Amino acid sequence: MSVRNFVPERLDRMRKVMAGHVERGDVPGLVWAVSRGGEIHVEAAGTLALNGSAPMRSDSIFRIASLTKPVTATAAMILVEESRLRLDDPVDTWLPELADRKVLKSLDAKLTDTVPANRPVTLRDLLTLRFGVGAIMVYPFAYPVQHAMVEAGIAPSADLFRGSPDAFMKAVGYLPLAHQPGEGWLYHTGLDVAGVLVARAAGQPLSAFMQERIFGPLGMKDTGFHVPAEKVDRLATAYSWDFQTGKLGVYDEARGGLFARPATFESGGAGLVSTADDYLAFQKMLLGKGELGAERILSRASVELMTTDQLSEEQKASAAMFFNGNSGWGLGMSVALKRDNLFTTPGRFGWDGGYGTSGYADPENDLAGVLLTQRLMDSPEAPKHHVDFWTSAYQAIAG
């Protein structure tokens, strides 16, 4: 007797709910996918561009933004397993720009009002985002270090850094840390730095290392830091919400856009493009404790470490908008700690991307899911189509 992984009638409900977001104009199009027990469903609705004729397809390509972070953490842990990097060694050997760090005496201090760092920065600091440089979620900007990050071009935003990795590290190295290494939590920048570290330690571009060690073995044929010319007709146009006009405006075109050419800076925090099938393969590898089919990417121990909360209660409380009282942070990704919604099963791990993407895996239910849209997020709160996707995925589980 076959065992159902999903209830067919409830998958139909999911299709109607997701298609409804396109029909109401919330998004021009979207692709969603769920996988459980070897049963996979990939669906698409809408168009690649607003008012366009080319339909969204199951293999459409999206800018996945911060869904890049777990991939970069995976790349780093490959090097840790090979003893080419160590979690708690100083990163100064590979990132001399981060040697002899200075730390602000207080968050509102001038950039020169500092004390020496208590210890060097480590890879663990970067992957857990306890590095000391990152997004300070105070708007409008109130602190000198926030303005300094903008002036240096490295303030976390939808606009990725466009210079070289060396220029990026020079800019990061100029800034004092906002807190002592390991003591606070600031979003994003640590994974960009980790991407540079992986490239330098591996002796090759981050894209080449990921292709050789992750994308190739997992069959992720459409994932990378740009879209080649022969595939650009599958890239969705990206849009952001214009609050003045109350309409969607083009953020990045497909053909001729920022992701249609090789990236000068391969952002380990937010730079990848991918498809639903590709990202599902990555998630299924993590659900498989580092293994997918005949390919082993990581050890079970590494995956368990990556998907275990690494933050103190104080660190989580200082970034409440990211953790909502129900989750923490492992290495490169969020980890659910308690169930206060249909889709926050303890142990569920993954993250969301600011370009309108969401990808999580749930070991308890053997469930992986990914939602890809081309509408940039305009609030820390999850958009309704994200909430509806995850609600629909969990209500469709059989058994």
Side-chain angles (χ1 to χ4, degrees), residues 69 72 76 85-157 159-198 200-201 265 267-270 310-323 329 331-332:
K69 288 177 170 64
T72 297
L85 291 174
R86 297 179 185 87
L87 280 170
D88 296 310
D89 276 1
V91 296
D92 303 0
T93 300
W94 301 105
L95 303 175
E97 299 92 340
L98 299 186
D100 303 318
R101 290 292 77 211
K102 301 295 184 182
V103 182
L104 292 172
K105 288 182 178 178
S106 64
L107 195 55
D108 59 358
K110 295 180 181 179
L111 298 188
T112 54
D113 193 9
T114 62
V115 296
N118 294 335
R119 62 165 176 79
V121 173
T122 66
L123 173 58
R124 188 187 300 271
D125 295 329
L126 300 179
L127 299 182
T128 59
L129 299 182
R130 296 182 294 189
F131 156 45
V133 177
I136 298 169
M137 306 300 285
V138 175
Y139 302 100
F141 288 167
Y143 304 121
V145 69
Q146 288 180 296
H147 294 287
M149 291 187 76
V150 172
E151 291 171 8
I154 60 170
S157 73
D159 299 324
L160 304 182
F161 186 75
R162 298 299 171 190
S164 68
D166 289 349
F168 175 80
M169 287 309 307
K170 182 178 180 181
V172 172
Y174 166 76
L175 294 172
L177 304 183
H179 58 72
Q180 289 287 347
E183 292 188 2
W185 192 89
L186 294 173
Y187 184 56
H188 180 72
T189 308
L191 269 301
D192 269 348
V193 175
V196 179
L197 174 61
V198 167
R200 290 183 180 180
F265 178 66
S267 167
Q310 304 291 314
L311 303 186
S312 68
E313 292 305 315
E314 183 180 14
Q315 288 166 340
K316 284 179 281 195
S318 71
M321 72 172 63
F322 287 95
F323 301 118
W329 191 263
L331 304 184

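Keep in mind that what you see is a predicted model, and the values were worked out from it rather than measured. The basis for the numbers below is simple: all heavy atoms, side chains too, and nothing from hydrogens, waters or symmetry mates.
Nearest heavy-atom pair across Ile136 and Gln146 is O-NE2, 2.9 Å. Counting all heavy atoms, side chain and backbone alike, Pro181 lies closest to Pro120 at CB-O, 4.2 Å. Closest of all the heavy-atom pairs between Leu111 and Ala148 is CD1-CB, 3.6 Å. Of all heavy-atom pairs spanning His179 and Trp185, the tightest one is NE2-N, 3.7 Å. Summarising the geometry of Ala76 relative to Leu123, their closest heavy-atom pair is CB-CD1, 4.2 Å, with the distance given to 0.1 Å.
In this structure, the side chains of Val172 and Phe131 come closer than 4.5 Å at one or more pairs of heavy atoms. Between Val121 and Leu126, some side-chain heavy-atom pair lies under the 4.5 Å cut-off. Residues Val133 and Leu177 meet the side-chain proximity criterion, which asks for heavy atoms closer than 4.5 Å. Under the 4.5 Å side-chain criterion, counting only non-hydrogen atoms from C-beta, Met149 is in contact with Thr189. Side-chain contact between Thr112 and Lys102 is absent, with no heavy atoms from C-beta onward closer than 4.5 Å. Side chains of Leu175 and Ile154 form a contact here, defined as non-hydrogen atoms less than 4.5 Å apart. Put simply, the side chain of Leu104 reaches to within 4.5 Å of the side chain of Thr114, judged on heavy atoms. Side-chain contact between Phe168 and Glu97: absent, with no pair of heavy atoms (C-beta onward) separated by less than 4.5 Å.
His188 places no side-chain N or O within 3.5 Å of a backbone atom of Pro156 that could act as its donor or acceptor partner. Under the 3.5 Å distance criterion, the side-chain polar atoms of Gln310 are left unmatched by any main-chain donor or acceptor of Leu127. In this structure, Gln315 contributes its side chain and Gly182 its backbone to a donor-acceptor pair below 3.5 Å.
For the 3.5 Å distance criterion, the side chains of Asp108 and Ser106 qualify, holding a donor opposite an acceptor.
For residues 116-140, the pairs satisfying salt bridge (charged side-chain N to carboxylate O under 4.0 Å, His left out) are Asp88-Arg124, Arg119-Asp125, with sequence neighbours left out.
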Go through the steps for Leu331 and Thr128 under the test side chain to side chain contact (heavy atoms under 4.5 Å, CB included), then give the verdict. CA-CA 5 Å; Leu331 304 184; Thr128 59; 3.5 Å; yes
One pair to check against side chain to side chain contact (heavy atoms under 4.5 Å, CB included): Arg86 and Thr122. What are the steps and the verdict? CA-CA 8 Å; Arg86 297 179 185 87; Thr122 66; over 6 Å; no
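Remark: Glu183 CD to Ser312 OG distance equals 10.0 Å, nearest 0.5 Å. Atom-to-atom distance recorded for Ser267:OG and Arg162:CZ is 9.0 Å, nearest 0.5 angstrom.
For the pairing with Pro165, the side chain to side chain contact (heavy atoms under 4.5 Å, CB included) check across Asp192, Val193, Val196 returns one residue only, Val196.
With respect to Arg200 and Asp166, a salt bridge is recorded, a charged nitrogen being found less than 4.0 Å from a carboxylate O.
Aromatic rings of Phe141 and Tyr139 (six-membered ring for Trp) have centroids within the 6.0 Å cut-off, being under it. Checked against the 6.0 Å centroid threshold, Phe322 and Trp329 do not count as a close aromatic pair.
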